[in-house]
Amino acid sequence: MPDFPAATPRARVRVPLRFHDGYSVDAELVTFHGLVDGQEHLAIVLGDPAPGTPPLVRLHSECLTGDVLGSARCDCGPQLREAVERIADRGGVLLYLRQEGRGIGLYNKLDAYALQDQGLDTYEANAALGLPEDARDYTAAAQMLDALGIAELDLLSNNPDKAQQLRDLGVGVQHRVPTGVFTTAHNVRYLRAKVLQTQHTLLLPELAAG
């Protein structure tokens, strides 16, 4: 049995999604009662897995600057766009988690950006502010998956910590499937830090040069 309180679906709503590049897909958005952190996390259900195939699931942390404003300082917007299409093709769920700035919040994230402009990497900047390098906890994500009846899945992520946290919470992560690599002139240092500091599976030619 899961080692966390049960959550229950609150509402299910069909929403047609339309992206700036013309891609479109219909999704079911699911909200929840009883999430342990009290946040308004959202499940985006896309497609139908083939019989005997585990759903493809992504835990996507909210990023206002990347997801909404198209910031080139991170890869969050392109990852979100890619994940929606890949999950819709395979069948599964994208959990949109309200964890701005790896859990430190929008204002703190922008404070960290200012320190990054002075030469610190993304993790060093958080530490300089007296904040965790990564404050995210995925208990609510495990609750959401349990409420949706998902016990086994393939995880769309470059981050080994996400898979390990889910496994520690009793979720059966069968495979971790890497996302694409979305580099810009503005996010190479950010992506390099993710590889070096937290072992993200990103193939970056820039590492050889840096």
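Quick caveat, the model's predicted, so the values are computed rather than measured.
Tracing side-chain contacts under 4.5 Å through hydrophobic residues (I, L, V, M, F, W, Y), one reaches Leu46 starting from Tyr96; they form part of the same cluster. Taking hydrophobic clusters as Ile, Leu, Val, Met, Phe, Trp and Tyr residues chained together by side-chain heavy-atom distances below 4.5 Å, Val84 does not share a cluster with Leu97. Taking hydrophobic clusters as Ile, Leu, Val, Met, Phe, Trp and Tyr residues chained together by side-chain heavy-atom distances below 4.5 Å, Leu110 shares a cluster with Val68. Side-chain heavy atoms closer than 4.5 Å link hydrophobic residues (I, L, V, M, F, W, Y) into clusters, and following such links, even through other members, never connects Leu80 to Leu69. Taking hydrophobic clusters as Ile, Leu, Val, Met, Phe, Trp and Tyr residues chained together by side-chain heavy-atom distances below 4.5 Å, Leu148 does not share a cluster with Val13.
Leu56 places none of its side-chain heavy atoms less than 4.5 Å from the side chain of Leu153. Residues Gln79 and Asn158 form a side-chain contact, since some pair of their non-hydrogen atoms from C-beta on lies under 4.5 Å apart. Residues Cys63 and Cys74 have side chains in contact (heavy-atom distance under 4.5 Å, counting atoms from C-beta outward). Phe4 is not listed as a side-chain neighbour of Leu35, based on a closest heavy-atom distance of 4.5 Å or more. Residues Asp67 and His60 have side chains in contact (heavy-atom distance under 4.5 Å, counting atoms from C-beta outward). With a 4.5 Å cut-off on side-chain heavy atoms, Leu59 and Leu166 count as touching. Between Leu155 and Val177, every side-chain heavy-atom pair lies at or beyond the 4.5 Å cut-off. In this structure, Leu95 and Leu145 have side chains that are in contact, with non-hydrogen atoms separated by less than 4.5 Å.
Between Ala112 and Ala125, the closest heavy-atom pair is O-CB, 3.5 Å. Smallest separation of non-hydrogen atoms from Val25 and Ala88: CG2-CB, 3.8 Å. Across every non-hydrogen atom of Pro132 and Ile104, the tightest pair is O-CG2, 4.1 Å. The heavy-atom pair separating Pro54 from Gln174 by the smallest distance is CG-OE1, 3.7 Å. In plain terms, the two heavy atoms of Ile87 and Gly92 that are nearest each other are CG2-C, 3.3 Å.
In this structure, a donor-acceptor pair under 3.5 Å is absent between the side chains of Asp161 and Tyr138. Judged purely by distance below 3.5 Å, without hydrogens or angles, the side chains of Asn159 and Ser157 never pair a donor atom with an acceptor atom. If you check the side chains of Arg136 and Gln165, you find no donor sitting under 3.5 Å from an acceptor. Between the side chains of Thr122 and Arg102, at least one donor-acceptor pair of N or O atoms lies under 3.5 Å.
Considering CG of Leu156 and CZ of Arg176, their distance stands at 10.5 Å, rounded to 0.5 Å. Atom CZ of Arg98 sits about 4.0 Å away from atom CD of Glu62, to the nearest 0.5 Å. Here the CG-CG distance, from Leu131 to Asp111, works out to 8.5 Å after rounding to the nearest 0.5 Å. Distance check: Tyr23 OH to Glu85 CD gives 4.5 Å after rounding to the nearest 0.5 Å.
Asp146 places no side-chain N or O within donor-acceptor distance of the main-chain N or O of Ala142, the cut-off being under 3.5 Å. Judged by distance alone, the side chain of Glu124 and the main-chain N or O of Asp121 form a donor-acceptor pair under 3.5 Å. Within the 3.5 Å criterion, the main-chain N or O of Asp137 finds a donor-acceptor partner in the side chain of Gln99. Of the possible polar contacts, none joining the Lys109 side chain to the Glu100 backbone as a donor-acceptor pair under 3.5 Å is found. For the pair Gln143 (side chain) and Val36 (backbone), a donor-acceptor distance under 3.5 Å is present. No donor-acceptor distance shorter than 3.5 angstrom exists from the side chain of Arg58 to the backbone of Leu94, with no hydrogens or angles considered. The closest donor-acceptor contact from the side chain of Thr31 to the backbone of Ala11 lies under 3.5 Å.
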Working for side-chain hydrogen bond (donor to acceptor under 3.5 Å, both in side chains), residues Arg73 and Thr65:
CA-CA 9 Å; Arg73 290 187 66 143; Thr65 51; over 6 Å; no
Would Tyr123 and Asp134 count as a side-chain hydrogen bond (donor to acceptor under 3.5 Å, both in side chains) here? Give the steps.
CA-CA 8 Å; Tyr123 299 100; Asp134 191 333; 5.9 Å; no
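Judged by the 6.0 Å distance and 45° axis criteria, Arg81 is positioned over the aromatic ring of Phe19.
Heavy-atom contacts from other residues, nucleotides or ligands closer than 6.0 Å to CG of Asp26 number more than 12. For Arg167, the CZ atom is densely surrounded, since the number of other residues' heavy atoms within 6.0 Å is greater than 12. Residue-environment remark: CD (Glu40) stays at or below the threshold of 12 foreign heavy atoms within 6.0 Å.
Between Asp154 and Arg90 there is a salt bridge, since at least one side-chain N of the basic residue sits less than 4.0 Å from a carboxylate O of the acidic one.
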